[in-house]
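Just so we're on the same page: letters track the sequence lines, and every chain starts at 1. Hydrogens, waters and symmetry mates are skipped; everything else that's a heavy atom, side chains included, is used.
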Amino acid sequence: MALRRGHIRYLKVCEVQRELYDNGYEQMMEDDDARTNLIVNYLPQSMSQDELRSLFSSVGDVESAKLIRDKVAGNSPQYYCSHSLGYGFVNFVNPNDAERAISTLNGLRLQSKTIKVSFARPSSDMIKDANLYISGLPRTLSQQDLEDMFSRYGNIINSRVLVDQASGLSRGVAFIRFDKRSEAEDAVKHLNGHTPPGSSEPITVKFAANPNQARNSQMMSQMYHGQSRRFGGPVHHQAQRFRFSPMSVDHMGSGGGVSGNSSSGWCIFIYNLGQDADEAILWQMFGPFGAVVNVKVIRDFNTNKCKGFGFVTMTNYEEAAMAIHSLNGYRLGDKVLQVSFKTSKGHK
DNA sequence: CGACGGGACGC
DNA sequence: CGACGGGACGC
């Protein structure tokens, strides 16, 4: 770090020399970091950045320790608590210490976790968003089989086949993280829709949703079913804020001349969402108008970016109508939304 | 300028 | 079991 700062300052002062030195220094920095910089995964939720640093300081001089946290969940001042994402980076001064940290701390059990300590790959955007979600796998397929199937497309960082908690049997769903996004793209291109030998079903290979997306929908569906109380404080707060009413779903009127309604409620079409729109924003916008059954942001299969529209299903006609009336023309970010009852499929 | 979904997302 | 990519011209 210190070296890099010096390097940068030097470049600012001496622009003419930039091209001559840049590559060489950059290479040197990467080599340097590659032997001292560690990534630490599966940290307990409660561990702070200071605790991370002091844990690794027991091995040697730590140049920097960084705990990765979620983005300061945007807009609302009452959510100023940022959450550990459960991993971090520790850069040692000395390469020997980094090596010793791997051998002594990798596999260490902390609370209910077993941490993983390994060299961090050189930072680059090529390694971001390289996590794939695979479904439709034969239940007999092992993790090794899975890796054998995917390894020809690139270097696999980690993989996991999900199993049913009760039976311990494969759910036919897995994750694979590649070293590079391009490798993951390659695997999607070649393996999505492919039927493994001995199977009758084609598999689906796509980029995994980011965890907060996934958790959001889980959380919301739990709220809807009114079952779980094990999630934390902010959820209760949101439940109130959204005026979410799970009870009203089971007994609702079904009448209707509008194509937007169905047995599960009134479906609303939202157009002109930004590409980073997520389910949470739909809950936030529609929740205050009444019982929301379901929200869905439609995303591009490969990129996971919002395709510009989504759906919200609300239980009660009056509340849905009020939401449409209030939110149609609403400015979200730099876009003006169009909100209406969903039309039937074939109709444009 | 654009416009109406749909299995599964971390044992 | 379980969230693998931050931050950096600097007090």
Side-chain angles (χ1 to χ4, degrees), chain A residues 1-2 4-13 29 37-45 49 64-71 83-89 91 109-116 118-137 143 157-175 177-179 181 203-204 206-218 259-260 267-273 294-299 304 307-313 335 338 340-348:
Chain A
M1 252 338 164
R4 176 167 298 185
R5 284 174 210 148
H7 159 53
I8 288 162
R9 193 173 286 146
Y10 176 75
L11 284 179
K12 284 185 81 170
V13 173
M29 286 312 308
N37 197 23
L38 304 180
I39 184 165
V40 187
N41 286 290
Y42 310 124
L43 292 167
Q45 194 53 241
Q49 183 163 291
S64 62
K66 174 85 181 177
L67 181 70
I68 307 304
R69 308 166 195 275
D70 60 4
K71 311 200 164 77
H83 223 175
S84 166
L85 293 186
Y87 69 95
F89 297 89
N91 199 6
R109 298 171 57 98
L110 289 176
Q111 289 152 34
S112 60
K113 304 279 195 173
T114 303
I115 69 169
K116 178 183 174 189
S118 53
F119 284 111
R121 293 168 283 160
S123 181
S124 113
D125 13 333
M126 314 233 57
I127 68 176
K128 294 171 67 177
D129 300 322
N131 196 25
L132 295 182
Y133 172 83
I134 301 107
S135 58
L137 292 166
Q143 183 186 19
I157 298 299
N158 61 19
S159 71
R160 173 158 296 148
V161 175
L162 303 194
V163 301
D164 178 73
Q165 183 142 30
S167 66
L169 296 176
S170 167
R171 292 169 52 195
V173 169
F175 291 89
R177 184 183 313 280
F178 277 98
D179 184 29
R181 181 174 169 94
I203 64 173
T204 298
K206 56 180 285 192
F207 281 89
N210 33 35
N212 28 27
Q213 262 169 31
R215 254 190 324 175
N216 253 321
S217 21
Q218 276 177 358
S259 55
C267 191
I268 298 167
F269 174 64
I270 300 97
Y271 179 69
N272 218 15
L273 295 169
N294 183 48
V295 302
K296 178 86 177 171
V297 169
I298 306 305
R299 296 185 169 85
N304 275 318
K307 289 164 79 169
F309 64 96
F311 299 92
V312 169
T313 305
K335 295 185 183 332
Q338 294 170 44
S340 60
F341 282 111
K342 179 186 189 300
T343 61
S344 55
K345 248 187 201 166
H347 187 257
K348 282 208 164 181

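When the C1' atom of C/dC4 is taken as reference, atom CG of A/Asp179 falls 10 Å away, rounded to whole Å. The nearest whole Å value for the distance from the CG atom in A/Leu273 to the P atom in B/dC1 is 21 Å. In this structure, CG of A/Leu38 is placed 15 Å from C1' of C/dG6, rounded to the nearest angstrom. Spacing between atom CD1 of A/Ile39 and atom P of C/dG7 amounts to 14 Å, rounded to whole angstrom units. Per the geometry, CZ belonging to A/Phe175 stands 8 Å off P belonging to B/dC9, to the nearest Å. C/dG5 atom P lies 16 Å from atom CZ of A/Phe178, rounded to whole Å. Rounded to a whole Å, the CG atom of A/Asn41 is 5 Å from the P atom of C/dC4. One interatomic measurement links the two molecules: CG of A/Leu162 to C1' of B/dC9, which rounds to 7 Å at whole-angstrom precision.
Between A/Arg177 and the phosphate of C/dC4, there is a side-chain N or O to OP1/OP2 separation shorter than 4.0 Å. Between A/Tyr87 and C/dG5 there is a side-chain polar atom (N or O) within less than 4.0 angstrom of OP1 or OP2. Within the 4.0 Å cut-off from OP1 or OP2 of C/dG5, not a single side-chain nitrogen or oxygen of A/Lys66 is found.
Listed nucleotides B/dC9, C/dG5, B/dC4 differ in distance to A/Ile127; the shortest reach to its side chain belongs to C/dG5. Comparing B/dC9, C/dC4, B/dC4 by their nearest atom to the side chain of A/Tyr133 picks out B/dC9. Listed candidates were C/dG7, C/dC4, C/dG5. Nearest to the side chain of A/Ser123 is C/dG7. Proximity note for A/Asn37 (side chain, C-beta onward) versus C/dC4, B/dG6, C/dG5: the nearest is C/dG5. Each of C/dG6, B/dG5, B/dC9 was ranked by its minimum atom distance to the side chain of A/Lys296; first place goes to B/dG5. Checked against B/dC9, C/dC4, B/dG5, the side chain of A/Lys116 finds its nearest nucleotide in C/dC4.
Residues passing the salt bridge (charged side-chain N to carboxylate O under 4.0 Å, His left out) test with A/Arg121, sequence neighbours excluded: A/Asp179. Residues meeting the side chain to side chain contact (heavy atoms under 4.5 Å, CB included) test with A/Ser135, sequence neighbours left out: A/Tyr133, A/Val173, A/Thr204.
Here A/Tyr271 does not pack flat against the base of B/dG2, since the 5.5 angstrom centre distance and 30 degree tilt limits are not both met. Residue side chain A/Phe309 fails the stacking definition with respect to B/dA3, as its ring centre and the base's six-membered ring centre are not both under 5.5 angstrom apart and under 30 degrees in plane angle.
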Taking it one step at a time, do A/Leu132 and A/Phe207 satisfy side-chain contact (heavy atoms from CB on, under 4.5 Å)?
CA-CA 4 Å; A/Leu132 295 182; A/Phe207 281 89; 3.9 Å; yes
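Along DNA chain B, the nucleotide closest to A/Asn304 and the one closest to A/Phe269 are compared, and the more 5′ of them pairs with A/Phe269. Between A/Val163 and A/Asn294, the residue whose closest nucleotide on DNA chain B is further toward the 5' end is A/Asn294.
In this pair, A/Tyr271 and A/Phe269 present their aromatic rings parallel. The plane angle is below 30°, not in the 30 to 60° band.
Counting heavy atoms from C-beta on, the side chains of A/Phe119 and A/Leu38 come closer than 4.5 Å. Using a 4.5 Å cut-off on side-chain heavy atoms (C-beta onward), A/Ile157 and A/Phe178 make no contact.
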